[in-house]
**Student:** 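Pasting a structure here, questions to come.
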Protein chains: 2
Amino acid sequence: MTAHPDAPRSRRERPAKPALSRSGIVATAVELMRSEGLQRVTMRRLAQELDTGPASLYVYVRNTAELHAAVLDDLLGSVDLTPVTTPGDWQDRLVAVLTSYTDLLFAHPGLAQSALVARPSGERYLDLVEAVLALLAEGGVPGDRASWALDLLLQFATATAAEHAPRAGAASGDGTRAEDWDALAAAVRGATADTRPQLAALGADLLAGPGEARLAWGFRVLLNGVLHTPR
Amino acid sequence: MTAHPDAPRSRRERPAKPALSRSGIVATAVELMRSEGLQRVTMRRLAQELDTGPASLYVYVRNTAELHAAVLDDLLGSVDLTPVTTPGDWQDRLVAVLTSYTDLLFAHPGLAQSALVARPSGERYLDLVEAVLALLAEGGVPGDRASWALDLLLQFATATAAEHAPRAGAASGDGTRAEDWDALAAAVRGATADTRPQLAALGADLLAGPGEARLAWGFRVLLNGVLHTPR
DNA sequence: ACCTGAACACCGTTCAAGT
DNA sequence: ACCTGAACACCGTTCAAGT
């Protein structure tokens with residue numbers, strides 16, 4: 001009897017098949033997202049990457065939503081929170097933190113979309129919340145307003161990033177966003193002073209302006225609004 | 001040879017099989033959404049409802065995103081725009097219009113989620129845009145600010161509704177939202193004055209308050225902010 | 001306890017072929 | 001032009017069975 005000649009060989013066919021673990025799964029998911037995009041971070045595709053079947057992942061992750069939430073929290077580790085402890089105007093520093101958060105989500109808009117629907121509660125997210133609250137407190141925003149302002153600010157940032165998500169099932173090329181924009185632009189051009197006077201009057205101005213400036217203006221609007229609006 | 005005995009019978013087995021048309025497809029999609037929810041408004045399920053195969057729908061609708069956009073525009077027909085031409089404070093009337101829009105989306109949060117990603121450009125949507133711009137103009141908001149304010153207001157309303165969307169692939173029962181909330185509440189309770197002082201200080205206040213009041217406050221924050229923030 | 005094969009119940013979209 | 005059957009290439013999740 002020759003001793004099991006296959007078992008040792010098959011073990012060496014792939015570089016390594018490390019034991020599954022939640023952190024390993026999440027790390028692989030992050031890698032997969034960076035290389036192929038969030039739309040490929042599915043239970044099945046991820047299992048394939050980990051050399052196992054999809055069912056195995058359910059031991060460590062409740063479902064796809066939880067997986068995406070874990071990926072998001074991992075990513076949030078690279079939000080720049082240093083402005084919190086830097087000298088300078090509190091509003092400028094708050095906008096800096098929020099901009100860092102938004103930039104990060106812009107790179108992964110699908111994740112922003114998840115965050116909008118599945119309320120995050122990971123450690124990194126809590127760090128971000130703490131940072132925003134600290135700056136609002138420094139600015140003298142009363143606690144009751146700060147609680148709600150926090151949501152407003154993060155929701156604005158998250159939604160703005162989510163708007164750039166590829167639509168589910170869209171072809172990889174994704175001219176789909178440009179098509180939407182063209183359709184809206186055509187509709188605006190189609191407005192006349194008779195039918196839709198406001199639209200006709202504003203015209204191109206309605207669609208103009210770089211996203212960056214709109215984002216910054218939005219943050220300022222929210223901060224000014226919060227300072228002028230008691231609960 | 002007996003003459004095709006099956007053909008006439010099969011024609012009468014179902015009440016009627018009307019010819020396909022874009023408006024018929026959209027109308028059926030709206031019905032289907034009201035009876036089974038947006039998650040069931042898929043090309044395949046809709047085709048089944050129309051007694052045909054999914055491929056047939058692609059003659060009238062480019063893809064699923066366009067189908068959902070058409071359903072949304074149909075729904076937008078019931079936004080109450082009468083406050084535009086009513087006497088009274090312009091801000092109150094604007095908030096009334098926006099609240100009507102938001103209430104509508106709250107009933108179909110999945111649609112709000114689509115609207116966030118696929119910019120609407122339907123007739124009903126343009127009517128809403130025109131209404132909001134008319135009220136901003138009445139309030140003396142300069143055109144350049146009004147253009148951006150429009151986006152801010154509609155995005156806030158849409159995102160707030162989208163937050164209540166059921167997560168993709170969640171079980172029908174959907175205790176999933178409550179679970180998220182519990183997780184966040186637990187995380188907030190876990191904050192101490194040492195680790196996350198701001199979070200600990202605000203505590204329950206952070207999660208308190210009815211959605212309705214938060215929404216109304218949010219609209220006021222945006223309006224006050226817009227009035228105080230030049231571009 | 002952890003892991004898995006296999007199944008269940010679905011998806012969107014395309015395309016060659018028919019009428 | 002309009003419509004379709006069939007296929008391609010996927011999904012999430014569960015469950016009984018194995019180790």
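Every value quoted in this text rests on a predicted model; they were computed, and no experiment measured them. Keep in mind that the numbers below use all heavy atoms, side chains included, and drop hydrogens, waters and symmetry copies. Each chain gets a letter, A, B and so on, in the order its sequence line appears, and its residues count up from 1.
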**Student:** Under 3.5 Å, is there a donor-acceptor pair between the side chain of A/His68 and the main chain of A/Val41?
**Tutor:** yes
**Student:** Does C/dG5 have a Watson-Crick or wobble partner in any strand here, with both distances under 3.5 angstrom, and which is it?
**Tutor:** D/dC15
**Student:** Between C/dG12, D/dC15, D/dC11, which nucleotide gets closest to the side-chain atoms of B/Arg44?
**Tutor:** C/dG12
**Student:** Which nucleotide in the set C/dT4, D/dT13, C/dT14 lies at the smallest distance from any side-chain heavy atom of B/Ala55?
**Tutor:** C/dT14
**Student:** Between D/dT13, C/dT13, C/dT4, which one does the side chain of A/Asn63 approach most closely?
**Tutor:** D/dT13
**Student:** 5'-most contact on DNA chain D: B/Pro54 or B/Ser21, nearest heavy atom basis?
**Tutor:** B/Ser21
**Student:** Taking only the side-chain nitrogens and oxygens of B/Thr42, find out if one of them lies under 4.0 Å from OP1 or OP2 of C/dC10.
**Tutor:** no
**Student:** Could you state the CE-C1' distance from B/Met43 to D/dA6, rounded to the nearest angstrom?
**Tutor:** 17 Å
**Student:** Taking atom C1' in both C/dC10 and D/dA9, what distance in whole Å separates the two?
**Tutor:** 14 Å
**Student:** Could you work out the separation of D/dC15 and C/dC2 based on their C1' atoms and round it to a whole Å?
**Tutor:** 15 Å
**Student:** Nearest whole Å is fine: how far is D/dG12 C1' from A/Arg40 CZ?
**Tutor:** 16 Å
**Student:** Determine: side-chain N/O of B/Thr64 to OP1/OP2 of C/dT13, distance under 4.0 Å, yes or no.
**Tutor:** yes
**Student:** Have B/Asp80 and B/Thr82 got a donor and an acceptor in their side chains that come within less than 3.5 Å?
**Tutor:** yes
**Student:** For A/Tyr58 and C/dA1, give me the distance from atom OH to atom P, rounded to whole Å.
**Tutor:** 21 Å
**Student:** Atom CG of B/Leu67 to atom P of C/dT13: distance rounded to whole Å?
**Tutor:** 10 Å
**Student:** Grab the CZ-C1' distance between A/Arg62 and D/dG12 for me, whole Å please.
**Tutor:** 15 Å
**Student:** Find the distance A/Gln39:CD to C/dT13:C1' and express it as a whole number of Å.
**Tutor:** 16 Å
**Student:** Between B/Arg22 and B/Glu66, does at least one N-O distance fall below 4.0 Å, as a salt bridge requires?
**Tutor:** yes
**Student:** Distance check needed: C/dA9 P versus B/Arg45 CZ, whole Å only.
**Tutor:** 15 Å
**Student:** Whole Å only: how far is the CD atom of B/Glu66 from the P atom of C/dT13?
**Tutor:** 11 Å
**Student:** Just by distance, do the side chain of B/Asp73 and the backbone of B/Arg124 share a donor-acceptor pair under 3.5 Å?
**Tutor:** yes
**Student:** Got a donor-acceptor contact below 3.5 angstrom from the A/Glu130 side chain to the B/Leu199 backbone?
**Tutor:** yes
